[in-house]
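A short worksheet on the structure shown next.
Numbers here are sequence positions counted from 1.
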Amino acid sequence: MAKVKLDNVWKRFGKVVAVKEFNLETEDGEFVVFVGPSGCGKTTTLRMIAGLEEVSEGEIYIGDKLVNDVPPKDRDIAMVFQNYALYPHMNVYDNMAFGLRLRKVPRDEIDRRVHDAAKILKIEHLLKRKPRELSGGQRQRVAMGRAIVREPKVFLMDEPLSNLDAKLRVEMRAEISKLQQRLGVTTIYVTHDQIEAMTLGHRIVVMKDGEIQQIDTPLNLYNLPANKFVAGFIGSPAMNFILSEVNASGGKVELVHKNFKLVVGGQFAKKLEPYHGQQVWLGIRPEDLKLRSEDTPGEHTVIHGIVDVVEPLGAETEVHVRLEDVRLSARLEGYLPLKPEDPIDLEVDLGKLHAFEKDSEKAIAHMLEFVEK
């Protein structure tokens, strides 16, 4: 095992800055996920760690060793690619053994490592098959096995599940998590899928336009996002954002919109007081909305809207609601016989609100950070 450290790393392609001021230090055995939209620089960063791309500026360490000028084969890393990269003319055993043979590892040791990895991945019965005779999930296990037999200090994984169907992705996600826990090898994993990131990572690095937006645990990213981008990227369905005016008077703070007037209190309200008379982005997660009940007191927790689209999901119903100038999503419990154009009143969980500055989009306050303290 080894720590991986990136110290002020930049990557430029001509005048284009692909990665900017990237700073990260992993712990031994940590599972770190890079996540962000296409083109945000996550794969480029992974390739710099692997030595497949040169660093324009900054330093990369694996363990205590500066590896900027160390070739990929000498970095003691193993990489799992999106497209499996298996040799079609070799069987599974030979695909897994190939890298070890290049390194002149003794035959008995190769045999032990291949069979040990095959047993861990439950592919012992596939060792004599060619890649074309395998399913997508089986090919991915072989690619993982080829990395495991290397017994590297660091695993680097570049969207390894993106070619699999949805059901198999879920299964392989669980397998990768169990495998990493069992082997205890430092792992850096790239994905554009925030659900993958949330379920796999000990820590997540959220990227946008080549820059780190936030590095944190999955729970903190969900509850305490640093800005509007992170808040909208983490969570499914995405967080709703509604421009609302802050009205602070007489010790009371209201968030006012044409379709609602929410009254907030405590430290959350105090954080909003300096924004009196200004607009802020109010953030509400779809799961923090519910149908208004008859015993809901007053109007200070209610949003009035019109049903736009109804998506029944069995145990839940996802409802897209039209306000005067914005649409929002609500994930509601159970099956609900709603129809488009029906009026709908949604009750907001005021204990889970978020607020962001209108222009900078930086977080102002999260209700949960005050509730939990």
Side-chain angles (χ1 to χ4, degrees), residues 1-13 16-36 38-87 95-96 98-100 102-103 117 140 142-163 176 179-180 183-192 196-197 200-205 207 210 212 215:
M1 293 189 292
K3 293 182 180 181
V4 177
K5 181 181 178 183
L6 289 85
D7 186 7
N8 197 37
V9 169
W10 292 63
K11 178 61 183 178
R12 300 180 183 87
F13 295 100
V16 177
V17 178
V19 178
K20 179 181 179 182
E21 291 184 48
F22 196 101
N23 290 283
L24 172 70
E25 185 168 354
T26 72
E27 298 297 326
D28 276 349
E30 188 175 16
F31 198 129
V32 175
V33 179
F34 295 172
V35 69
S38 297
C40 70
K42 54 191 185 294
T43 293
T44 300
T45 305
L46 193 79
R47 289 173 62 84
M48 286 192 286
I49 297 169
L52 302 175
E53 293 283 357
E54 289 186 4
V55 176
S56 301
E57 187 180 324
E59 296 176 332
I60 296 178
Y61 295 85
I62 297 176
D64 296 324
K65 183 178 182 182
L66 179 64
V67 296
N68 284 41
D69 299 319
V70 176
K73 66 183 179 66
D74 298 325
R75 293 194 180 197
D76 206 1
I77 54 99
M79 194 156 181
V80 180
F81 295 93
Q82 179 178 352
N83 62 358
Y84 317 135
L86 302 177
Y87 297 107
N95 262 286
M96 291 171 67
F98 184 71
L100 300 179
L102 286 180
R103 288 167 178 75
Q140 192 53 266
V142 175
M144 296 285 297
R146 187 176 52 193
I148 290 169
V149 298
R150 292 275 307 277
E151 298 182 357
K153 290 180 179 177
V154 180
F155 284 139
L156 303 177
M157 301 188 187
D158 187 11
E159 304 211 33
L161 307 183
S162 60
N163 288 337
I176 288 174
L179 180 66
Q180 198 273 339
L183 299 175
V185 177
T186 303
T187 301
I188 298 178
Y189 186 107
V190 162
T191 182
H192 63 273
E196 256 179 51
L200 286 172
H202 300 154
R203 281 191 301 160
I204 300 172
V205 180
M207 297 182 67
I212 294 173
I215 303 175

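Among pairs with a residue in residues 49-63, those fulfilling salt bridge (charged side-chain N to carboxylate O under 4.0 Å, His left out) read K11-E53, R12-E57, R47-E53, at least two apart in sequence or across chains. Pairs passing the salt bridge (charged side-chain N to carboxylate O under 4.0 Å, His left out) check and including a residue from residues 18-27, sequence neighbours excluded, do not occur.
Closest approach of G201 and V33 over heavy atoms only: CA-CG2, 3.6 Å. Scanning both residues, D28 and A2, for their nearest heavy atoms gives OD1-C, 3.1 Å.
The structure places NZ of K5 at 13.5 Å from CD1 of I62, a figure rounded to the nearest 0.5 Å. The structure places OG1 of T186 at 12.5 Å from CD1 of I77, a figure rounded to the nearest 0.5 Å. Between the CD1 atom in I188 and the CZ atom in F31 there is a gap of 10.5 Å [rounded to 0.5 Å]. Here L200 contributes atom CG and Q180 contributes atom CD; the two are 9.0 Å apart, rounded to the nearest 0.5 Å. Taking CZ of R203 as the start and OG1 of T26 as the end, the distance is 7.5 Å to the nearest 0.5 Å. A distance of 7.5 Å separates CD in E30 from NE2 in H202, rounded to the nearest 0.5 Å.
Using a 4.5 Å heavy-atom cutoff, the side chains of K42 and V205 are not in contact. Within the 4.5 Å cutoff, no side-chain heavy atoms of S56 are placed close to those of F13. Residues V55 and F22 form no side-chain contact, since every pair of their non-hydrogen atoms from C-beta on lies 4.5 Å or further apart.
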query: What do the steps show when you test R103 against R150 for side-chain contact (heavy atoms from CB on, under 4.5 Å), and what is the final call?
result: CA-CA 10 Å; R103 288 167 178 75; R150 292 275 307 277; 3.1 Å; yes
- prompt: V9 and T45: side-chain contact (heavy atoms from CB on, under 4.5 Å), yes or no, with the steps?
  reply: CA-CA 9 Å; V9 169; T45 305; 5.9 Å; no
message: With side-chain contact (heavy atoms from CB on, under 4.5 Å) as the criterion, how do Q140 and N163 come out once you've worked through the C-alpha distance, each side chain's angles and the decisive distance to 0.1 Å?
response: CA-CA 9 Å; Q140 192 53 266; N163 288 337; over 6 Å; no
- prompt: Stepwise, does the side-chain contact (heavy atoms from CB on, under 4.5 Å) test hold for I215 with L24?
  reply: CA-CA 9 Å; I215 303 175; L24 172 70; 4.0 Å; yes
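In this structure, the side chain of D76 does not engage the main chain of P152 through any donor-acceptor pair within 3.5 Å. Judged purely by atom type and a 3.5 angstrom limit, D158 has no side-chain atom pairing as donor or acceptor with the backbone of Q82. Using modelled atom types, one side-chain atom of R75 and one backbone atom of I49 make a donor-acceptor pair closer than 3.5 Å.
Every residue two or more places apart in sequence or in another chain that forms a side-chain contact (heavy atoms from CB on, under 4.5 Å) with A117 is listed here: M96, I148, V149. F155 is linked by a ring-ring contact (aromatic ring centres under 6.0 Å, His included) to nothing, counting only residues two or more places apart in sequence or in another chain. For F81, there are no ring-ring contact (aromatic ring centres under 6.0 Å, His included) partners two or more places apart in sequence or in a different chain.
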What donor-acceptor contacts under 3.5 angstrom involve side-chain atoms of residues 63-73, with partners at least two apart or in another chain?
residue, atom, partner, partner atom, Å
N68, OD1, I60, N, 2.8
N68, ND2, G58, O, 2.8

